[in-house]
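Worksheet: the structure to be examined is printed underneath.
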Amino acid sequence: MRVERQGWKTSVLLLMAVLIQPGSPVFAQYQDQTKTTLSPPQDIRAFDTPSDGGDSVTLIWAPAAYDSAATKYQILLSEGSAVDPAAMKVVAEFPANQHYVRESKWPWWTRPAAGDQHQFTLRNGRGVELKSGTAYSITVAAVLSDDRGIGMPVRVTPQPNWINWNQINNLVLALLFGGIVLYAIGRARTKEIFLRRIPGLDAVDEAIGRATELGKPILYLTGAHDMSDPSTIAAAVILGRVAKRTAAYETELLVPHRDPMTMAVCQEITKQAYLEAGKPDLYKDDSNFFITSDQFSYTAAVDGIMLRKKPAANFFMGAYFAEALLLTETGASTGAIQIAGTDSDHQLPFFVTTCDYTLIGEELYAASAYLSREPVQVGTLLGQDIGKGLILCILVAGTALATLGALLGAQWPQLFLDVFKDVK
Amino acid sequence: MIFLRRQVPLLITLITGLVFAAQYYIPHPASEQMLTSVTKWLQIIGGFALVLGVSSLFHVHAIKIRRKEAGWGYSFVLYVSMLGTIAVGLWSNGKEAVDGAMTSFGWIYNFMMVPLQGTMFAILAFFIASAAYRSFRARSREAAVLLIAAVIVMMGRVPLGEYLIPLSGDLSQWILNVLNASVRRAILIGVSLGTVALSIKIIFGMERSYLGGGKE
Amino acid sequence: MIFAERMLKIDRRIIFLVIGLCTLLPLLYPVGLPIKISPEVRGVYDYIESLPEGSVFLLSLDFDPASKPELHPQSISLLRHAFRKNLRVVAMTLWVSGTGMADQVVTQVAREMGKENGKDYVFLGWSPGGTAVIMNMGQDLYGAFPADYNGKPTKGLPVLQGIANLRDVTYAVSLGAGNPGVEAWYVFGKDKYKFELGGGCTGVMAPGLYPLLRSGQINGLIGGLRGAAEYETLIGQKGKAIAGMDAQSATHLAIIVLVILCNLFYFSLRRQSAQ
Amino acid sequence: MPIETIIGAWVATGLTLFIFSFLYKDNPLFKLAENLYVGVSVGYTIVKTYDTVIVHLIWTPIVKNGEWALLIPVSIGMLMLTRYVPKAAWLSRYAFAFIVGVGSGLAIPRVISSYILKQIEDTVRPLLVMVPGEGLSFTWNLLNPASSLNTIIILIGVSSVLFYFFFSVEHTGLGKVVARTGILFLMIAFGAAFGYTVMARMSLLIGRLTDLIEFTDLSYGRPSLWLLGLTILTLVVMSRRASHKPEEE
């Protein structure tokens with residue numbers, strides 16, 4: 001990897017030059033050898049395109065009276081400091097009513113000229129090869145049938161840049177949101193954070209209560225993923241809560257697994273829960289058991305358990321795939337209360353229609369954070385809430401400002417709106 | 001030793017994370033060159049990750065066969081089919097077809113893998129139908145709304161539905177394009193915030209489950 | 001046991017049979033109902049239609065045999081359209097188990113349209129890493145795929161002339177069955193390398209891609225078998241998708257009837273138990 | 001027709017029917033097909049990985065083109081595999097640290113740009129649209145996704161669903177109304193997803209049945225019909241044998 005320190009300095013200097021004194025090149029008219037009636041483009045400025053890798057240059061020139069679809073602009077380029085425009089190569093041609101600064105995607109903080117000016121960015125590729133660090137002469141010509149008015153050539157050297165200023169809003173947002181998350185986690189470590197009660201958790205208690213009344217077991221599934229997946233971790237945390245209740249009510253708990261590692265972790269959690277409920281003697285190691293890792297064989301086996309043991313309540317927490325429907329349908333046919341919680345959005349519709357209660361997406365994490373009170377989990381949740389709140393405000397304020405802008409025909413709302421655009 | 005085992009990995013994550021987040025904002029050729037190299041590296045590492053992912057299967061089934069656990073015969077089938085496919089694949093230089101002519105590896109692919117995998121998911125069609133009859137109930141107002149929207153979309157997306165109720169096409173178009181899009185957008189924003197938060201926690205070493213284990 | 005309860009408890013294998021017949025009969029005796037074209041599918045079609053001859057069209061077949069019935073017809077139609085417009089076709093896949101299928105469909109359509117490998121089209125094959133492949137292609141196409149599927153070096157292939165990376169691609173379409181798929185092509189591809197992007201996907205994925213469609217991040221979306229049927233109608237070449245539409249209609253209707261029956265019985269049961 | 005195609009048709013049909021036999025109930029034929037499937041696809045992945053990674057991405061560039069820098073990813077990959085050597089397993093952490101670090105770093109700005117900024121940009125639109133001939137006005141057309149009415153609906157949808165997933169605020173008062181709206185929007189989107197998923201699953205079935213119908217052709221020797229009979233016969237025999245031990249579904 002070659003690092004060009006020199007290039008870095010020059011590019012910064014050049015950038016400053018562009019920012020500080022726009023339009024420094026000499027503006028002059030250039031008369032073509034042939035007699036023309038078309039006046040050459042005025043106020044031509046050329047500079048290294050800021051915020052790029054050094055393979056393009058940008059031209060700015062003033063609009064003219066003849067700007068229309070019939071007239072064409074040509075971009076002329078040559079290496080070195082050619083003075084004879086006839087020797088310059090035509091590298092682009094387009095109708096004269098196109099390529100205004102306002103059409104470009106530049107946000108206000110990098111826009112090099114007023115919106116009514118013409119703008120053209122000449123890039124590497126398609127027959128043009130711009131080398132960074134090489135000096136070029138470039139100019140614009142206006143063409144109408146045989147008439148040609150050629151502007152004064154300007155010198156320009158493309159340079160690589162170290163920062164893409166067009167994306168600076170992205171960076172600011174990343175830093176802001178990163179700061180919020182870290183702050184929220186820090187806060188959760190020292191203070192108690194309010195989390196609203198997730199209604200699904202009440203349903204959990206209710207279901208366990210009913211199972212006790214009926215004297216039937218409870219079935220709990222932790223999903224298809226292993227312990228490295230956040231949804232499985234959440235499922236394991238909620239299992240702790242369920243196990244505590246089943247211990248207290250002395251109800252049988254069945255937890256069939258698809259992953260041996262997850263089973264080992266869940267055994268620990270269940271044991272701990274029975275201990276905390278003061279019923280360690282009731283704990284059975286084989287309430288957590290491994291079936292198989294094959295998707296459909298596992299499903300068939302669990303369906304078999306549902307039909308034979310007729311659990312009063314089925315819990316489906318964690319990540320699920322196509323097997324979800326096969327499980328919940330069988331569960332529904334046995335008349336069990338079914339409670340699901342998953343972030344697998346493609347299976348959510350099926351859970352909602354076949355289960356009595358469903359924790360949707362992030363609700364699963366929230367439920368787990370609510371139960372575990374673990375600072376990193378709670379803090380992340382709070383951080384995300386703040387982030388969502390900010391976005392909500394931006395949406396509402398932005399719509400209001402955009403409407404106001406349309407009503408008044410004003411440009412100033414863009415000062416706000418551009419910040420929340422992806423402008424590259 | 002603790003330093004080598006714990007701290008160094010966290011340091012690697014911190015540095016690589018920050019460098020590659022910053023790379024996005026730096027258009028300089030040096031930074032681009034770095035991205036070029038590292039994405040190529042990730043491709044190669046991705047290959048190793050695949051091997052790692054499937055190798056746990058080797059292990060699980062080897063144990064089953066050795067201990068003659070229930071259903072070890074199926075594990076044996078799995079092993080034989082895997083080794084057979086590998087042998088045939090290497091014999092055919094890993095190509096399913098040479099100039100349009102099928103190799104024996106291509107035969108295994110076309111007549112075993114494609115129908116097996118395709119059918120695995122086709123059976124779900126039947127289960128959806130049975131669930132539609134036995135358990136897609138409007139238990140609550142929410143579930144009722146869901147089912148009505150589902151019925152409209154199901155009608156509007158097939159020629160017969162549009163033929164019977166011409167309005168259903170436009171209505172399902174509107175549901176998908178406006179109502180559905182707005183919800184998906186909110187979910188997308190929420191999930192993205194979650195992804196960014198998780199990435200930040202990983203970079204700053206607050207989330208370390210990836211170091212602990214678990215298969216790919 | 002009351003009637004509604006007994007009806008709900010019937011053996012589900014009877015329902016399986018009903019669905020099997022609803023699929024089988026229309027396939028054997030097709031009706032051929034007209035297919036309306038949606039603006040999503042038209043977006044992709046119109047864009048390809050507007051491309052000048054020799055433009056670079058990248059088709060990424062990101063699916064495996066499990067999604068073959070939906071995405072295979074889409075790829076056939078898209079390839080036929082691209083070849084008919086004489087675009088330079090660069091095909092590839094990010095899903096390892098789809099490699100053989102992708103090779104087959106590209107070779108088959110190219111042969112049918114009289115196109116030459118290496119000159120009019122190339123199949124790059126598969127490479128591991130998912131999103132890393134997209135990014136590496138964006139930086140350097142020849143680094144990501146030093147050789148094509150047949151092992152020929154990609155550098156110097158006439159079809160790839162003037163293409164250094166994804167920035168030189170005019171139009172890319174990802175036919176995605178999951179991740180990596182259409183979204184990955186936007187986030188790790190178009191976001192930086194600025195080519196135009198279209199999407200094709202399975203029915204399961206389609207609703208999730210509408211936000212990207214609305215914001216113009218993808219300029220069109222071919223959703224599932226229905227989308228494929230629309231595309232077949234647009235290019236005027238009937239294929240498996242149009243043939244499947246009658247069966248699709250019949251099964252949808254069957255499901256709707258089943259859902260309605262289910263709820264009728266459910267509510268009658270509820271009323272009875274409330275009395 | 002070449003003999004391998006005919007044999008292929010028989011094998012493919014047989015395996016398809018074995019898997020469909022799961023509809024009757026979980027049985028040995030299905031289990032056989034399922035394990036065969038896992039074995040073949042793992043084998044396939046290994047062969048493809050070997051061919052692509054070892055041959056084309058590692059061996060050729062390093063040995064033929066002398067790109068020695070590629071030894072770095074190879075060694076990182078090797079570190080990953082140390083996981084199977086208990087004593088050196090901790091070395092695999094270096095590899096995972098690198099991959100996860102790079103992945104997280106790459107994700108942050110790209111996710112913000114694609115899924116946050118782009119999505120905000122498209123949601124924030126003026127509520128009044130320029131209509132040619134009428135000037136600035138509020139458009140009511142539901143079918144035009146860019147109409148003013150739809151802009152408002154989308155804004156309400158996005159905001160209320162975002163609010164529904166707020167966990168540090170109690171849903172009371174106005175919040176309750178917004179959250180209820182959010183859940184209704186969510187349910188409609190789930191309904192759309194439901195409809196589309198049904199469509200997808202049915203398409204898969206249609207695809208498989210199309211193939212089976214193709215294989216009823218005489219040129220293949222009608223494998224679909226023969227094997228269907230055979231599969232049913234096997235299932236009947238098996239259920240007879242197991243009938244002394246009745247089992248539900």
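The chains referred to below are lettered A, B, ... by the order of the sequence lines, with proteins before strands, and numbering in each begins at 1. Just so you know, these numbers use all the heavy atoms, side chains as well, and skip hydrogens, waters and symmetry mates.
For residues 186-202 of chain D, heavy-atom neighbours of chain C at less than 4.5 Å comprise D/A192, D/A193, D/Y196, D/T197, D/V198, D/M199, D/A200, D/R201, D/M202, sorted by residue number. Residues of residues 55-67 of chain D lying within less than 4.5 angstrom of chain C, judged on heavy atoms, are D/H56, D/L57 in numerical order. Using a 4.5 Å cut-off between non-hydrogen atoms, the part of residues 130-143 of chain C that approaches chain D consists of C/M135, C/G143.
Using a 4.5 Å cut-off between heavy atoms, C/Y210 contacts chain D through its side chain alone, with no backbone atom that close. Heavy-atom distances place the side chain of D/I213, and not its backbone, under 4.5 Å from chain C. Only the backbone of C/A144 comes within contact range of chain D, with at least one heavy atom under 4.5 Å from a heavy atom of that chain. Interface residue C/I255: only side-chain heavy atoms are found under 4.5 Å from chain D. Only the side chain of D/I154 comes within contact range of chain C, judged by heavy atoms closer than 4.5 Å. No part of D/D51 comes within reach of chain C, as not one of its non-hydrogen atoms sits under 4.5 angstrom from that chain. For chain D, the nearby part of C/P146 is the side chain; its heavy atoms alone come within less than 4.5 Å. Heavy atoms closer than 4.5 Å to chain C are found in both the backbone and the side chain of D/T45. Only the side chain of C/A206 comes within less than 4.5 Å of a heavy atom in chain D; its backbone stays farther off.
Formation of a donor-acceptor pair under 3.5 Å by the C/R13 side chain with backbone atoms of D/Y24 is found in this model.
For the residue pair D/S203/C/Q248, the side-chain donor-acceptor check at 3.5 Å is satisfied.
In plain terms, the two heavy atoms of C/P128 and D/V53 that are nearest each other are CG-CG2, 3.3 Å.
Distance check, rounded to the nearest 0.5 Å: CG of C/L225 to CD1 of D/I206 gives 6.0 Å. Atom OG1 of D/T52 is separated from atom CG of C/L124 by 11.5 Å, given to the nearest 0.5 angstrom. Atom OG of residue C/S215 and atom CD1 of residue D/I120 lie 12.0 Å apart, to the nearest 0.5 angstrom. Remark: D/S114 OG to C/E183 CD distance equals 10.0 Å, nearest 0.5 Å. Interatomic distance, C/F188 CZ to D/R110 CZ, rounded to the nearest 0.5 Å: 6.5 Å. Expressed to the nearest 0.5 Å, how far CG of D/L212 lies from OG1 of C/T23 amounts to 11.5 Å.
With a 6.0 Å radius and a threshold of 12 heavy atoms from other residues, nucleotides or ligands, C/K155 has its NZ atom at or below the threshold.
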Which pairs would a plain distance check flag for residues 62-77 of chain C, meaning a side-chain donor or acceptor within less than 3.5 Å of a matching protein atom at least two apart in sequence or in another chain?
unit_1, atom_1, unit_2, atom_2, d
C/D62, OD1, C/S60, OG, 2.7
C/D62, OD1, C/L94, N, 3.1
C/D62, OD2, C/S60, OG, 3.2
C/D62, OD2, C/S174, OG, 2.9
C/D62, OD2, C/W185, NE1, 3.1
C/D64, OD1, C/A66, N, 3.3
C/D64, OD2, B/Q117, NE2, 3.1
C/E70, OE2, C/G203, N, 2.9
C/Q74, NE2, C/I222, O, 3.4
C/Q74, NE2, C/G224, O, 3.0
C/S75, OG, C/L71, O, 2.9
C/S75, OG, C/H72, O, 2.8
C/S77, OG, C/P73, O, 3.1

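Among C/V187, C/V96, C/L212, the residue making the largest number of heavy-atom pairs under 4.5 Å with chain D is C/V187. Across D/E121, D/R208, D/K118, the residue that shares the most heavy-atom pairs under 4.5 angstrom with chain C is D/K118. Each of D/G103, D/P145, D/A146, D/G207 has some count of heavy-atom pairs under 4.5 Å with chain C, and the biggest count is that of D/P145.
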| task | In sequence, state the C-alpha distance, the side-chain angles, and the governing distance for D/L205 and C/I19, and then conclude on side-chain contact (heavy atoms from CB on, under 4.5 Å). | result | CA-CA 10 Å; D/L205 178 62; C/I19 281 299; 3.8 Å; yes
